[in-house]
Enquirer: 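Please see the structure below; I have some questions.
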Amino acid sequence: MSDPRRTLADIGDCVIDRRRFLAFTGALAGTALYAQARGDLALAAPPLNGYPFRLGVASGDPTPNRVSLWTRLASEPLVEGGGIPAQDISVRWQVATDSHFRHVEKSGTVAAVPELDHSVHVDVSGLRSGREYFYRFLTDRDESPVGRTKTAPGPRDHVRDLTFAFVSCQKWDDGFYSPYRRMAEEDLDLVVHLGDYIYEYGIGSGGVRKAKVPASFAPECFTLERYRLQHSLYKTDPDLQESHRLFPWMVTWDDHEVDNDYSGIFPEFENTSPEFLARRAAAYQAYFENMPVPLSAKPTEGAVQLYRRLSYGDIAEFNLLDTRQYRTDNPCGDGEQPPCDAGFDPSATMTGAAQEQWLLDGLERSPARWNVIAQGVLMGQLKHDADGGRFWNDSWDGWPGQRARVLQHIADAEVRNPVVITGDWHSTFVNDLRADYEDPSTPIVATEFVGTSISSNGDAEVYGPYYGPMIPFNPDIKFFDGDRRGYVRCRLDHDEWRTDLRMVSTVSKRNAHVSTFASFVVEDGQPGAKEV
Ligand SMILES: [Fe+2]
């Protein structure tokens with residue numbers, strides 16, 4: 001989502017000063033030493049200075065027998081290299097059925113390597129389904145915090161209910177993560193993050209957090225080292241860490257993990273270039289290094305397999321989409337534009353052909369009661385004026401042909417209870433989704449819940465005054481709120497999906513009250529949400 005306060009003139013200040021040049025050459029020297037050392041059979045692990053688990057722990061992508069565990073070693077998170085020597089560090093991991101680790105079920109040792117910024121990813125398999133587990137990491141001297149996670153129920157298990165939260169858009173310098181502080185008090189099976197985990201913009205000291213940030217954070221992110229620093233800064237937040245520690249997450253990305261409103265290989269406004277491809281590859285690598293994703297999401301030659309499917313017994317199947325990596329360039333131009341015929345060209349795609357086919361095949365075959373499409377950007381139509389003369393093209397309104405094709409297929413295949421969950425907009429929408437927006441007599445085929453931001457836009461009123469007046473032009477938008485921050489809690493049973501909009505009183509302080517601002521239900525077999 002573009003920030004309306006940001007203009008083209010703000011973008012592109014990447015200054016390589018003397019300090020950064022020295023840091024770069026220093027890193028090269030370290031790499032050479034490291035390469036030399038790897039050939040030495042007698043390589044000994046150096047002692048680590050300082051506590052290396054300052055970025056916390058996380059788990060993700062629970063299946064009935066597997067979960068992915070994550071940590072990254074950093075004793076000084078806000079400096080390049082994280083204060084860890086540029087060589088392999090041996091890290092032990094343990095998974096137990098109790099928080100005191102008296103009953104360790106799985107354990108092993110992995111190398112945290114400097115090529116991956118000493119991140120640790122372990123796909124632990126052979127676990128039992130539908131169970132709570134505890135995990136931790138250990139170096140020679142230190143232990144990580146103890147994380148808690150939960151495997152998914154088995155494919156044939158009857159699951160009475162499932163409770164999860166979904167979140168998006170957590171610009172660190174726009175506010176504290178008070179929604180995460182309150183979310184950590186919930187009893188959740190799962191957290192789904194729908195993108196804008198970091199923002200690529202430069203960060204200065206001061207701001208809402210009144211934080212002192214090193215000068216190395218001032219430039220926008222373009223290089224691997226700079227993206228790594230940005231992830232480190234975000235991960236130092238204690239409320240974000242706690243939510244990772246307590247719940248398994250499923251993550252996908254939107255634009256700001258790389259660059260505002262990019263589409264595939266195309267940056268906003270411009271054509272593709274080797275510089276942009278290098279920037280995207282750097283951002284993708286830093287994302288992998290810092291997320292509790294499976295090893296299958298490790299980048300290969302600048303590409304990442306991020307779209308994936310996870311099932312919860314007979315109650316829900318989650319289709320996590322990647323709506324950025326495979327986009328064709330915006331068929332009708334960037335930003336706010338009138339519609340155009342190219343938006344209906346069959347070759348214009350937000351997901352790429354392979355992902356679209358994978359999604360439709362999976363939805364068609366799914367035996368689940370609720371079929372969740374978890375993805376980045378607004379799927380429902382949002383006319384900016386009464387005549388539908390202008391749309392925001394970074395969302396599915398920029399690819400109306402593919403939207404119609406996907407929704408028509410969902411209708412034709414009689415997919416059971418399709419529900420789309422969405423991030424990006426820093427606003428809440430509840431939408432009826434139709435295959436044919438030109439004909440309001442066509443049936444509603446799915447429901448969309450768009451969650452607000454964790455912190456992006458802070459306590460400012462930005463989108464409410466801008467988008468609020470457009471809502472009356474859009475009868476399929478059943479609810480809109482522009483300027484509250486929070487998370488969305490969803491509780492599913494076999495009869496009903498209930499969505500609670502959990503809004504905090506402020507993100508200008510770490511502590512805030514949370515309350516349910518509004519609630520909606522979708523009944524089994526009846527697409528469309530009703531406010532309760
Ligand atoms: Fe955002």
Side-chain angles (χ1 to χ4, degrees), residues 1-7 10-11 165-180 191-203 207-208 220-221 227 230-231 233-234 237 240 249 251-263 267-268 283 286-287 290-291 306 320-325 327 330 334-336 350 374-380 382 392-398 420-429 448-464 466-467 480-488 501 503-504 507:
M1 186 69 191
S2 243
D3 182 339
R5 294 163 294 183
R6 188 172 162 81
T7 66
D10 297 326
I11 300 171
F166 72 89
V167 296
S168 64
C169 297
Q170 52 192 47
K171 192 162 183 284
W172 184 89
D173 38 333
D174 272 4
F176 289 103
Y177 293 159
S178 55
Y180 281 136
V191 174
V192 183
H193 198 295
L194 297 169
D196 290 358
Y197 191 99
I198 63 159
Y199 284 68
E200 75 279 23
Y201 305 133
I203 299 177
V208 176
E220 184 164 334
C221 299
Y227 280 108
Q230 201 83 336
H231 278 282
L233 177 66
Y234 278 60
D237 185 279
L240 176 61
W249 286 38
V251 302
T252 188
W253 54 30
D254 193 28
D255 53 339
H256 287 290
E257 285 82 355
V258 180
D259 179 30
N260 183 55
D261 287 1
Y262 82 100
S263 294
E268 189 184 21
Y287 184 81
N290 287 282
M291 292 296 133
L306 198 62
L320 270 93
L321 303 193
D322 172 354
T323 53
R324 286 289 164 187
Q325 188 175 186
R327 283 188 185 197
N330 302 57
D334 291 284
E336 191 182 21
M350 183 173 278
Q375 54 99 49
V377 293
L378 185 69
M379 190 174 276
L382 173 60
W392 180 253
N393 274 351
D394 189 63
S395 71
W396 283 87
D397 275 337
V420 179
I421 59 172
T422 303
D424 178 48
W425 215 281
H426 314 174
S427 305
T428 306
F429 293 75
E448 179 179 33
F449 295 104
V450 182
T452 188
S453 58
I454 287 287
S455 61
S456 303
N457 287 7
D459 287 332
E461 289 193 5
V462 179
Y463 291 147
Y466 188 68
Y467 291 106
F480 170 76
D481 179 72
D483 288 306
R484 284 173 183 78
R485 311 279 79 85
Y487 58 95
V488 182
L501 308 180
M503 303 299 199
V504 294
V507 292

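Indexing begins at 1, ligand by ligand and atom by atom, following the structure's order.
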Enquirer: Could D173 and K171 be called an ion pair, given the rule that one side-chain N must be under 4.0 Å from one carboxylate O?
Expert: yes
Enquirer: Which atom, counting only N, O or S, brings D196 closest to the Fe ion (ligand 1)?
Expert: OD2
Enquirer: Would you please name every residue forming a ring pair (Phe, Tyr, Trp, His ring centres under 6.0 Å) with W396, sequence neighbours left out?
Expert: none
Enquirer: When you draw lines from the Fe ion (ligand 1) to SG of C169 and to OH of Y199, what angle lies between them, to the nearest 10°?
Expert: 100°
Enquirer: Measuring from the Fe ion (ligand 1), name the closest N, O or S atom belonging to H426.
Expert: NE2
Enquirer: Is R327 salt-bridged to D261, going by a charged N under 4.0 Å from an acidic O?
Expert: no
Enquirer: Go through the structure and list residues passing ring pair (Phe, Tyr, Trp, His ring centres under 6.0 Å) with Y177, not counting sequence neighbours.
Expert: Y180
